[in-house]
Amino acid sequence: DVAFRAARRPSEDGIHRADAGGGLTTIAEATPGSGFGFFKGSVSMNDSGEVSFWAFLDLEQAIMRGDGTDLTTIAITTPEKFASFGDNTSINDSGEVAFDGQLQAGDLGLFSGTGVDTTTHYLNSEDVLVDGNPARFDATSDRPSINNLGNIAFMDSIQGTFRRDIFVGQEGIFRTIPSPNQPDGPPV
């Protein structure tokens with residue numbers, strides 16, 4: 001199966017899943033009265049056929065998960081918490097969705113959620129541990145990838161370094177994934 005974002009008609013934007021037999025399942029579609037305005041970014045699908053995606057609703061942005069029957073809101077912009085979201089998501093087999101976003105206070109960060117709880121993995125205003133040392137990420141928008149253990153891999157830079165690397169971890173504890181062509185330092 002594959003998941004994708006496409007317009008089946010000029011005025012309709014949608015999130016769809018196609019199966020190997022040629023069947024098409026509509027996960028969500030922006031049609032008059034649907035509540036959806038449009039979709040943006042890349043979608044992600046897990047082994048159960050659940051698809052995560054960014055959506056613009058009537059006046060809010062939302063991170064959502066759907067399977068063609070049920071839709072779950074993972075996070076939504078509200079005056080109390082989120083101001084905006086990056087437009088790329090990732091979903092693991094338990095339905096946990098990773099996404100980046102900006103809080104109303106201005107902090108940028110990396111988050112994940114299931115529709116019940118939202119976990120903050122880092123904010124660019126707070127120290128985390130990277131390779132055992134305190135650091136702060138710049139929180140550059142990039143597509144995160146989440147595995148079935150809840151570890152999130154992402155590309156970012158540590159404040160003040162001006163160097164983008166790939167990191168993996170969760171909830172404030174991360175390690176750097178070394179580049180195979182990285183000239184400085186011993187292999188990790």
Side-chain angles (χ1 to χ4, degrees), residues 1-19 23-125 137 139-147 150 152-156 170-171:
D1 292 3
V2 295
F4 58 95
R5 181 178 63 87
R8 293 195 301 160
R9 291 173 205 72
S11 63
E12 296 177 0
D13 189 14
I15 306 296
H16 308 280
R17 183 182 67 228
D19 64 43
L24 180 69
T25 301
T26 298
I27 306 300
E29 203 161 39
T31 58
S34 69
F36 291 105
F38 60 91
F39 306 97
K40 200 166 78 167
S42 299
V43 300
S44 179
M45 184 175 69
N46 66 16
D47 287 346
S48 300
E50 295 176 307
V51 179
S52 64
F53 57 94
W54 180 102
F56 183 77
L57 306 176
D58 291 328
L59 295 173
E60 297 91 14
Q61 294 178 27
I63 301 296
M64 303 190 78
R65 176 186 72 221
D67 62 7
T69 304
D70 297 317
L71 283 172
T72 301
T73 301
I74 304 301
I76 193 164
T77 53
T78 64
E80 298 80 34
K81 187 159 185 175
F82 289 108
S84 65
F85 302 110
D87 54 11
N88 295 307
T89 65
S90 179
I91 186 171
N92 68 16
D93 288 338
S94 64
E96 185 176 6
V97 178
F99 59 96
D100 60 1
Q102 182 173 9
L103 300 179
Q104 289 289 353
D107 304 4
L108 299 169
L110 182 62
F111 308 90
S112 68
T114 59
V116 177
D117 297 316
T118 301
T119 300
T120 300
H121 294 279
Y122 77 75
L123 295 173
N124 68 341
S125 60
F137 289 113
T140 56
S141 183
D142 191 52
R143 182 174 185 230
S145 182
I146 187 168
N147 70 14
I152 301 175
F154 56 98
M155 185 181 297
D156 207 334
Q170 59 181 294
E171 297 187 58

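Residue indices begin at 1 and follow the sequence shown. Computed from a prediction, not measured in an experiment: that's the story for all the values here.
A donor-acceptor contact shorter than 3.5 Å is absent between the side chain of Asp142 and the backbone of Phe154. One N or O on the side chain of Arg65 and one on the backbone of Gly95 form a donor-acceptor pair closer than 3.5 Å. For the pair Thr25 (side chain) and Gly68 (backbone), a donor-acceptor distance under 3.5 Å is absent.
Between Thr78 and Gln104 the shortest heavy-atom distance is O-NE2, 2.8 Å. The two atoms that bring Ser90 and Pro144 nearest to each other are CB-O, 3.0 Å, heavy atoms only. Between Ala3 and Val51, the shortest heavy-atom distance links the atoms CB-CG2, 3.7 Å. Between Ile63 and Val97, the shortest heavy-atom contact is CG2-CG1, 3.8 Å. Across every non-hydrogen atom of Ile152 and Ser112, the tightest pair is CD1-CB, 4.2 Å. Contact record, Thr114 with Ile74: C-CD1, 3.5 Å, taken as the closest heavy-atom pair.
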Worksheet item: What's the verdict on side chain to side chain contact (heavy atoms under 4.5 Å, CB included) for Leu103 and Lys81, showing C-alpha distance, side-chain angles and the deciding distance?
Response: CA-CA 6 Å; Leu103 300 179; Lys81 187 159 185 175; 4.1 Å; yes

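Counting only heavy atoms from C-beta outward, the side chains of Trp54 and Phe38 approach each other to under 4.5 Å. Side-chain contact between Ser44 and Arg143 is present, with at least one heavy-atom pair separated by less than 4.5 Å. Contact of the Tyr122 side chain with the Asp156 side chain is registered, since non-hydrogen atoms from C-beta on lie closer than 4.5 Å. Contact of the Phe82 side chain with the Thr118 side chain is registered, since non-hydrogen atoms from C-beta on lie closer than 4.5 Å. Residues Asn147 and Asn92 form no side-chain contact, since every pair of their non-hydrogen atoms from C-beta on lies 4.5 Å or further apart. In this structure, the side chains of Phe36 and Ile15 stay at 4.5 Å or more apart for every pair of heavy atoms. The shortest distance between side-chain heavy atoms of Asp13 and Glu29 does not fall below 4.5 Å.
The ring pair (Phe, Tyr, Trp, His ring centres under 6.0 Å) with Phe85 is formed by just one residue from the set Phe111, Phe53, Phe56, Phe99; it is Phe99.
The line from CD1 of Ile146 to OG of Ser94 is 7.0 Å long, rounded to the nearest 0.5 Å. Atoms NE2 and CG, on His121 and Leu123 in that order, are 11.0 Å from each other to the nearest 0.5 Å. Interatomic distance, CD of Gln170 versus CG of Leu110, reported as 10.5 Å (0.5 Å rounding). Atom OG1 in Thr72 sits 7.5 Å away from atom CE in Met64 (nearest 0.5 Å). Distance CE/Met155 to CZ/Phe137: 12.5 Å, rounded to 0.5 Å. Rounded to the nearest 0.5 Å, atoms CD (Glu50) and CG (Leu71) are 11.0 Å apart.
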